[in-house]
Amino acid sequence: MLLTVLGGCGAWPGAGQACSGYLVEHDGFRLLIDPGYATVPRLLERITADEVDAVFVTHGHPDHCADLNPLLRARTFCDDPSSPLPVYSLPGALDAVLALDRPRALADACVLREFTAGDLLDLGPFQARTRPLPHSVPNAGVRLAAGGRALAYTGDSGPSPEVVALARDADLLLAEATYAEQVPEDSRRHLTSARQAGRQAREAGARQLLLTHLQPGTDPTAARAAAESEYDGPIGVATPGLVLDLS
């Protein structure tokens with residue numbers, strides 16, 4: 001299982017950066033997770049638009065799904081349009097981004113497969129177990145298993161026992177860590193600090209922790225240090241171009 005980070009900014013892309021976006025590959029299958037702002041140009045540096053086999057979106061905030069629109073345009077507005085792209089999301093999560101174009105312009109570009117958080121999905125070679133995780137809108141964390149390896153991803157989530165359950169003994173926990181030490185009071189149910197992500201990785205027994213969704217202005221060094229105070233395994237920060245081989 002191979003993970004390529006396309007972007008790891010939360011809320012908006014900082015200069016030269018991109019928001020949440022991850023390419024996960026196994027046995028030749030390419031799954032794009034959360035095509036947030038500015039992720040498609042980075043994706044297209046690696047593969048062509050028609051080489052994406054499926055898309056999984058954790059929730060409907062645009063920093064996690066806005067670049068679905070240019071991806072579908074790249075597959076459709078060309079001499080040889082691609083077959084419809086399977087796109088998995090919670091009900092209604094993609095209504096806004098799919099309405100960006102004129103009616104029916106992208107009607108044949110994707111097949112929307114809505115699911116309920118808690119469902120078990122087959123995404124090519126991946127068995128995807130989903131869980132509802134707390135956020136300001138419905139959000140589905142996902143655990144991908146293939147080839148004897150497991151990757152858990154929170155989307156955006158407040159701290160929760162459900163995160164620990166999702167990441168139990170995972171080879172990698174890809175965890176939202178918008179702030180380093182402390183989340184502002186009005187967001188504490190909906191977002192996680194790097195320190196809290198480290199604690200959850202330790203409680204889950206995850207083998208590695210990758211911090212992501214750092215809001216522009218959050219110091220990556222401080223975020224890593226905060227997570228290290230709670231978790232003694234390998235810790236990284238999601239930056240564009242980072243590749244992790246979980247095999």
Decide whether [X] and [Y] are clustered together by the hydrophobic rule: side chain heavy atoms of Ile, Leu, Val, Met, Phe, Trp, Tyr closer than 4.5 Å, transitively.
| X | Y | answer |
| --- | --- | --- |
| Val52 | Val97 | yes |
| Leu214 | Val163 | no |
| Val24 | Leu6 | no |
| Tyr88 | Leu112 | no |
| Leu43 | Tyr22 | no |

Distance check, rounded to the nearest 0.5 Å: [X] atom [atom1] versus [Y] atom [atom2]?
| X | Y | atom1 | atom2 | result |
| --- | --- | --- | --- | --- |
| Ser83 | Asp108 | OG | CG | 11.0 Å |
| Asp63 | Ser20 | CG | OG | 6.0 Å |
| Gln196 | Glu181 | CD | CD | 10.0 Å |
| Leu174 | Ile33 | CG | CD1 | 8.0 Å |
| Thr4 | Leu242 | OG1 | CG | 8.5 Å |
| Leu32 | Glu51 | CG | CD | 13.0 Å |

Side-chain contact, heavy-atom cut-off 4.5 Å: [X] with [Y]?
| X | Y | value |
| --- | --- | --- |
| Cys19 | Asp34 | no |
| Leu98 | Leu72 | yes |
| Pro35 | Leu71 | no |
| Cys110 | Pro84 | no |
| Arg73 | Asp101 | yes |

Donor-acceptor contact present, side-chain [X] to main-chain [Y], <3.5 Å:
| X | Y | answer |
| --- | --- | --- |
| Arg199 | Arg195 | no |
| Glu114 | Gly92 | yes |
| Arg143 | Arg168 | yes |
| Glu176 | Thr178 | yes |
| Tyr231 | Ala206 | yes |

**Asked** Given the rule in the side-chain contact (heavy atoms from CB on, under 4.5 Å) test, do Leu133 and Thr58 qualify, once you have shown the distances and angles that lead to the verdict?
**Response** CA-CA 10 Å; Leu133 298 181; Thr58 58; over 6 Å; no
Do [X] and [Y] have a side chain donor and acceptor closer than 3.5 Å?
| X | Y | value |
| --- | --- | --- |
| Ser187 | Tyr179 | no |
| Thr218 | Gln215 | no |
| Asn139 | His190 | no |

Tell me the closest heavy-atom pair linking [X] and [Y], and the distance in Å.
| X | Y | result |
| --- | --- | --- |
| Ala105 | Thr76 | O-CG2, 4.2 Å |
| Ala49 | Leu44 | N-CD2, 3.6 Å |
| Leu166 | Tyr153 | CD2-O, 3.6 Å |
| Met1 | Leu144 | CE-O, 3.7 Å |
| Asp50 | Ser82 | CB-OG, 3.0 Å |
| Asp67 | Pro41 | OD2-CD, 3.8 Å |

**Request:** Report the residues that fulfil side-chain contact (heavy atoms from CB on, under 4.5 Å) with Asp245, sequence neighbours left out, ordered by chain and then residue number.
**Result:**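 Asp245: side-chain contact (heavy atoms from CB on, under 4.5 Å) contacts with Leu2, Ser247.
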**Request:** Apply salt bridge (Lys or Arg N to Asp or Glu O under 4.0 Å) to Arg75 and list each qualifying residue two or more places apart in sequence or on a separate chain.
**Result:**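 So Arg75 forms no salt bridge (Lys or Arg N to Asp or Glu O under 4.0 Å) with any residue.
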Heavy-atom neighbours of [X] [atom1] exceed 12 at 6.0 Å:
| X | atom1 | answer |
| --- | --- | --- |
| Asp219 | CG | yes |
| Asp232 | CG | no |
| Arg189 | CZ | no |
| Arg129 | CZ | no |
| Glu45 | CD | yes |

**Asked** Which pairs count as ring-ring contact (aromatic ring centres under 6.0 Å, His included) when at least one residue sits in residues 27-60, sequence neighbours excluded?
**Response**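 Non-adjacent pairs meeting ring-ring contact (aromatic ring centres under 6.0 Å, His included): Phe56-Phe115, His59-His61, His59-His64, His59-His135.
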**Request:** Please test Leu211 against Ile235 for side-chain contact (heavy atoms from CB on, under 4.5 Å), starting from the C-alpha separation and ending with a verdict.
**Result:** CA-CA 7 Å; Leu211 304 173; Ile235 300 173; 4.2 Å; yes
**Message:** Run the side-chain contact (heavy atoms from CB on, under 4.5 Å) test on Thr154 and Leu173 for me, step by step, so that the C-alpha distance in whole Å, both residues' side-chain angles and the decisive distance to 0.1 Å come before the verdict.
**Reply:** CA-CA 8 Å; Thr154 63; Leu173 171 58; 4.1 Å; yes
**Prompt:** Picking from Val243, Leu246, Asp171, Leu172, what satisfies side chain to side chain contact (heavy atoms under 4.5 Å, CB included) with Leu3?
**Reply:**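 Running side chain to side chain contact (heavy atoms under 4.5 Å, CB included) over Val243, Leu246, Asp171, Leu172 with Leu3 returns exactly one hit, Leu172.
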**Request:** Determine, step by step, whether Leu106 and Asn69 satisfy the side-chain contact (heavy atoms from CB on, under 4.5 Å) criterion, reporting the C-alpha distance in whole Å, the side-chain angles of both residues, the deciding distance to 0.1 Å, and the verdict.
**Result:** CA-CA 9 Å; Leu106 298 174; Asn69 176 263; 3.9 Å; yes
